[in-house]
Structure formats: structure tokens, C-alpha cells
Amino acid sequence: MIQVNAHLPAGTLTTLGDVGLQQINPTELFAKGTHILFAIPGAFTPTCSEQHLPSFIQHADKLRQLGVETIACVAVNDAFVMRAWQQAQDPNHVVMFLSDGDASYHETLGLTKATGSFGGLRAERYAMVIQDGVVTHLFVEDEKTYGVSSAEHVLEALQG
Ligand code: BEZ
């Protein structure tokens, strides 16, 4: 599993915006400045829709006041699903939605979990802070918990 103080590895994520499908290399996206990447096991699933994503939308202004430039959400779902979830939950585009459709980036990070017949290989639920391309904080949930990867917890960590 990727560790604090490691450089975020290169890879390919996808986003669907007004210009269509776009490939994004996280190393380039997060190369300079302070950013948050959080991952959820599945768009439209209960904890993700009712708690995890809303926590980052709710606390985005406070996070930005602490210097966070990008708040990105990633899942092992295709970019069309991520876009539909964005339209349903974040019409003001507070959060950037990224797809790791084949889970390859989460395999590189060592942050996959097998969900069997639910949805195959998915991302663990986690949040990380990246400063100038280096992971400074990493909060990975234990199986089926929700807490340390919440925006509230990330906010506390950044406030010191
Ligand atoms: C959730 O509540 O977010 C969830 C439930 C089942 C599988 C994955 C996520």
C-alpha cells in the first residue's frame, strides 16, 4: 500500500466533462500545490452518497481556506457512472469526479478490495492529502467502517 511521504505514482484515470472523455495522469494533476483525493467503493452506494461525498461538499470551503486546491473523488466505476453521480449530488462541481474503470490505478496504489459478486475489484474507502505530488496524509478505512476518510477527519488533520 502506498505510504505517507511517497510520491503519488503515475497512472491513468478518466473524467467525463463537457469536452467528453479525458484521460488524467494523477501525477500531473497533483504535481503542484495541495490536493485531496478520496475514494469510495461505489457511486450511488448508501454510505458514499449519504455521508462520504456530502462531507467533502459540505466542508469544501473550509478545506480551501487551508490551501486545498482540488478535492477529487475516485471510484472503480466508469466515467459515465461518475458523471451521473456528480449530476445527482454535486451539480455545482465542488468535487472533481474521476474514474478508475479497470482498477489499475488502485492496484498500483495497493488500495483495492475484492467485493466478489457485488462489484469485483473496487477501491478501498480512503482519503489522502497530496502536497506537491507527495502523499502527506493517508486515511484508509477498516473493512466496512466510515470515519477516518471523512472530510471532517481530514479537516482536523490539516488544522493540526
Ligand atoms: C456503501 O454503503 O457505501 C456501500 C455498501 C455496499 C457496498 C459498497 C458500498
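All values below come from the heavy atoms of this structure, side chains included, with hydrogens, waters and symmetry mates left out. Just follow the structure's listing: the first ligand is 1, and inside any ligand the first atom is 1.
Atom CD of Gln159 has more than 12 heavy atoms from other residues, nucleotides or ligands within 6.0 Å. For Phe80, the CZ atom sits in a loose shell: 12 or fewer heavy atoms of surrounding residues, nucleotides or ligands are nearer than 6.0 Å.
Using modelled atom types, one side-chain atom of Asp100 and one backbone atom of His106 make a donor-acceptor pair closer than 3.5 Å. Although no hydrogens or angles enter the test, the distance criterion places a donor-acceptor pair under 3.5 Å between the side chain of Tyr105 and the main chain of Pro9.
No part of Glu50 comes within 4.0 Å of ligand 1, judged by heavy-atom distances.
Residue Phe118 has at least one heavy-atom neighbour below 4.0 Å for each of these atoms of ligand 1: 7 (C), 8 (C). Ligand-side atoms of ligand 1 in range of Cys48: 3 (O), range being under 4.0 angstrom from any heavy atom. Listed by atom number, the atoms of ligand 1 under 4.0 Å from Arg125 heavy atoms are 1 (C), 3 (O).
For atom 1 (C) of ligand 1, the nearest protein heavy atom (residue, atom name, distance) is Thr47 N, 3.3 Å. Ranking protein heavy atoms by distance to atom 5 (C) of ligand 1, first place goes to Pro46 CD, 4.0 Å.
Between Phe139 and His153, the two ring planes are perpendicular [angle over 60°; tilted spans 30° to 60°].
Looking at Pro41 next to ligand 1, no N or O pair under 3.5 Å apart turns up.
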